[in-house]
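Have a look at the structure below before the remarks.
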Amino acid sequence: APRAAEVRCPAIVRQDGAGPRMAREVAPRGARELWPPLWSPKSPPTRSLGSSASRPSPCPHLDGIDRRTLMRFHKLVAQQASFLEGRPVEMYQSGDNAAKHLAQDFAESCLLSIGIWRRFGTAEYAESLGWLHRTDYAAMCALLPGRAVEAAVEVWRRGRHAVGERTASQRAAHAAEIRAWELGHAIAAVDPVTSYAAAFDIAGDVRQAEAELREAEMRRSLRQGGGAAADAHLVAQRAARATVAGETVVRMAYERLLNAKHQPLWDLWRKRHSVVAALLDGVGLDGVREALLQVRGFGGLCPDADVEGWGLALDLMTATPLSDNSGPVAWCTDYVTWLQQRVAKKRAPAVVDTVSRTPRSTVRRRPVAPVPMDATGLC
């Protein structure tokens with residue numbers, strides 16, 4: 001009788017005519033063990049062509065901006081939307097030239113404002129920069145190299161982060177802000193009333209100042225002593241360590257974040273007309289996403305760029321009056337939060353796409369239609 005670890009297979013005829021030979025193969029691991037593992041030979045389910053064609057195109061996981069930041073973004077947009085006479089899409093399609101130009105100006109300001117706010121990713125920066133009322137070339141020349149960076153530096157001086165941690169570029173600038181605060185340990189350790197000679201012997205005080213900052217960060221992360229009290233203590237510790245050297249470090253990081261070659265905001269300004277046309281023509285989320293694919297840094301093979309493109313399109317179509325939804329998008333923050341979560345959940349990628357080792361292709365999908373085959377030479 002054969003052993004338990006071996007299973008005899010049928011005879012296989014050799015091609016050299018030497019007669020049949022017996023082939024043996026080792027039994028699977030589950031047949032040799034007393035208690036086999038919980039494994040099923042069933043393959044994961046795949047989607048059919050019909051279901052994929054009827055389902056809207058999926059977007060990546062969009063949980064980078066939290067609910068509080070979205071609410072503060074929407075509050076800034078709602079303040080400007082209150083000056084409009086109606087929905088921008090209705091004003092654009094009304095036929096009145098004055099209303100049409102007003103809708104176009106609002107759409108351009110909304111696009112560039114939310115684009116810059118999302119580039120930094122914090123509500124503190126959005127409130128410091130404010131709404132962009134002008135979008136012409138002269139205003140952008142004064143904004144990108146100067147005012148946009150100065151608003152971020154002002155937030156950093158107050159002891160708060162001006163950059164989030166959603167993308168790789170934001171995480172690099174976020175780390176630069178932390179390093180810049182650490183450069184001010186010596187300044188925080190020196191007492192202004194001490195003598196000039198005593199200021200040179202501050203090695204122990206520097207270590208103490210560094211320990212105090214780390215303790216404040218730990219208290220904030222653990223929420224000891226109350227959340228508001230821990231935040232206020234950490235902000236005060238960081239604001240006391242704002243120096244000229246640290247300001248130079250963060251200024252360079254902010255300039256790289258705004259004017260990086262792979263994601264320049266200037267390209268969004270140059271191609272704003274096509275995106276605004278998609279917003280005002282009522283083509284929906286997919287149409288706005290297609291328009292943003294033409295902008296560098298908002299689509300392509302980079303995962304961060306793909307997420308940024310979907311995120312900007314989702315914010316424009318759910319958190320602004322440019323939305324095609326008939327609900328109270330212009331003034332109700334809770335409705336905007338619910339609507340964005342609903343749209344993101346509806347367009348979430350399937351489980352098969354998330355567990356696949358092959359990255360999802362960014363090429364436009366071909367329509368599901370029979371393709372004629374050239375049979376020349378096959379007869």
Transitive ILVMFWY side-chain link Val336 to Trp338, under 4.5 Å: yes

Applying a strict under-4.5 Å side-chain criterion to I, L, V, M, F, W and Y, I'd like to know whether Val235 and Leu183 cluster together. no

Within the structure provided, determine whether Leu292 and Leu268 are in side-chain contact (heavy-atom separation under 4.5 Å). yes

Is there side-chain contact between Arg119 and Leu257, with at least one heavy-atom pair below 4.5 Å? yes

Of all heavy-atom pairs between Ala344 and Leu314, which one has the smallest distance, and what is that distance? CB-CD2, 4.2 Å

Backbone of Ala291 reached by a side-chain donor or acceptor of Ser274 within 3.5 Å: no

To check you understand the geometry: which heavy-atom pair defines the closest contact between Val283 and Ala278, and what is its length? CG2-O, 3.1 Å

In this structure, CZ of Arg87 is separated from OG of Ser326 (nearest 0.5 Å) by 7.5 Å

Within-4.5 Å side-chain heavy-atom neighbours: Arg289 and Asp306: yes

If the plane angle is over 60° it's perpendicular, under 30° parallel, otherwise tilted; pick one for Phe73 and Trp117. tilted

As an exercise, state the distance from CZ of Arg296 to CZ of Arg270, rounded to the nearest 0.5 Å. 7.5 Å

State, to 0.1 Å, how close Arg157 and Arg251 come at their nearest heavy-atom pair, and which atoms those are. NH2-NH2, 4.4 Å

Pairing of Asp267 and Lys261 as salt bridge, 4.0 angstrom limit: no

Where does the angle between the aromatic ring planes of Trp266 and Tyr137 fall among parallel (under 30°), tilted (30 to 60°) and perpendicular (over 60°)? tilted

Just to verify, which of His74, Gln340, Gln341 counts as forming a side-chain hydrogen bond (donor to acceptor under 3.5 Å, both in side chains) with Thr318? Gln340

Side-chain ion pair, Glu182 and Arg179, N-O less than 4.0 Å: no

Where is the tightest heavy-atom contact between Ala162 and Thr122, given as atom of each residue plus distance? O-OG1, 2.8 Å

Connected via hydrophobic side-chain network under 4.5 Å: Trp131 and Ile114: yes

Trace of the side-chain hydrogen bond (donor to acceptor under 3.5 Å, both in side chains) decision for Ser169 with Gln263: CA-CA 10 Å; Ser169 302; Gln263 50 179 7; 2.8 Å; yes

Search all heavy atoms of Leu70 against all heavy atoms of Ala319 and return the closest pair with its distance. CD1-CB, 4.2 Å

Going by an N to O cut-off under 4.0 Å, is there a salt bridge joining Arg166 and Glu308? yes

With side-chain contact (heavy atoms from CB on, under 4.5 Å) as the criterion, how do Thr337 and Met71 come out once you've worked through the C-alpha distance, each side chain's angles and the decisive distance to 0.1 Å? CA-CA 8 Å; Thr337 305; Met71 292 174 63; 4.1 Å; yes

Should Arg238 and Arg241 be marked as a side-chain contact (heavy atoms from CB on, under 4.5 Å) after you check the CA-CA gap, both sets of side-chain angles, and the distance that decides it? CA-CA 5 Å; Arg238 286 174 172 174; Arg241 287 160 175 79; 5.9 Å; no

Identify whether the distance between the nearest side-chain nitrogen and carboxylate oxygen of Glu124 and Arg72 falls below 4.0 Å. yes

So CZ of Arg342 and CG of Asn325: to nearest 0.5 Å the spacing works out to 7.5 Å

Derivation and outcome, side-chain hydrogen bond (donor to acceptor under 3.5 Å, both in side chains), residues Glu150 and Tyr254: CA-CA 9 Å; Glu150 291 297 331; Tyr254 297 152; over 6 Å; no

Could you tell me which non-hydrogen atom of Thr135 sits nearest to which non-hydrogen atom of Met140, and how far apart they are? O-CG, 4.0 Å

Compare all side-chain heavy atoms of Val89 with those of Asp324 and state whether any distance is below 4.5 angstrom. no

Quick check on the hydrophobic clustering: are Val155 and Leu76 connected, directly or via other members, by side-chain heavy-atom contacts under 4.5 Å? no

Check whether any side-chain heavy atom of Val288 sits under 4.5 Å from a side-chain heavy atom of Leu312, and report yes or no. no

Go through Arg272 and Val295 one step at a time and tell me if the side-chain contact (heavy atoms from CB on, under 4.5 Å) criterion holds. CA-CA 9 Å; Arg272 68 190 186 279; Val295 184; over 6 Å; no

Taking a hydrophobic cluster as the set of Ile, Leu, Val, Met, Phe, Trp and Tyr residues connected by side-chain heavy atoms closer than 4.5 Å, whether directly or through intermediates, do Leu84 and Met317 fall within one such cluster? yes

Just do the side-chain contact (heavy atoms from CB on, under 4.5 Å) check on Leu129 and Arg147 with the steps written out, would you? CA-CA 8 Å; Leu129 180 64; Arg147 191 161 66 93; 4.0 Å; yes

Can you check whether Asp281 reaches Tyr92 side chain to side chain, under 4.5 Å on heavy atoms? yes

Quick one: does any side-chain atom of Ser113 pair with a main-chain N or O of Cys110 as donor and acceptor, under 3.5 Å? no

A side-chain contact here means heavy atoms from C-beta on lying under 4.5 Å apart; do Ile116 and Tyr125 qualify? yes

Side-chain contact test, heavy atoms from C-beta onward, threshold under 4.5 Å: evaluate it for Gln80 versus His133 and give yes or no. yes

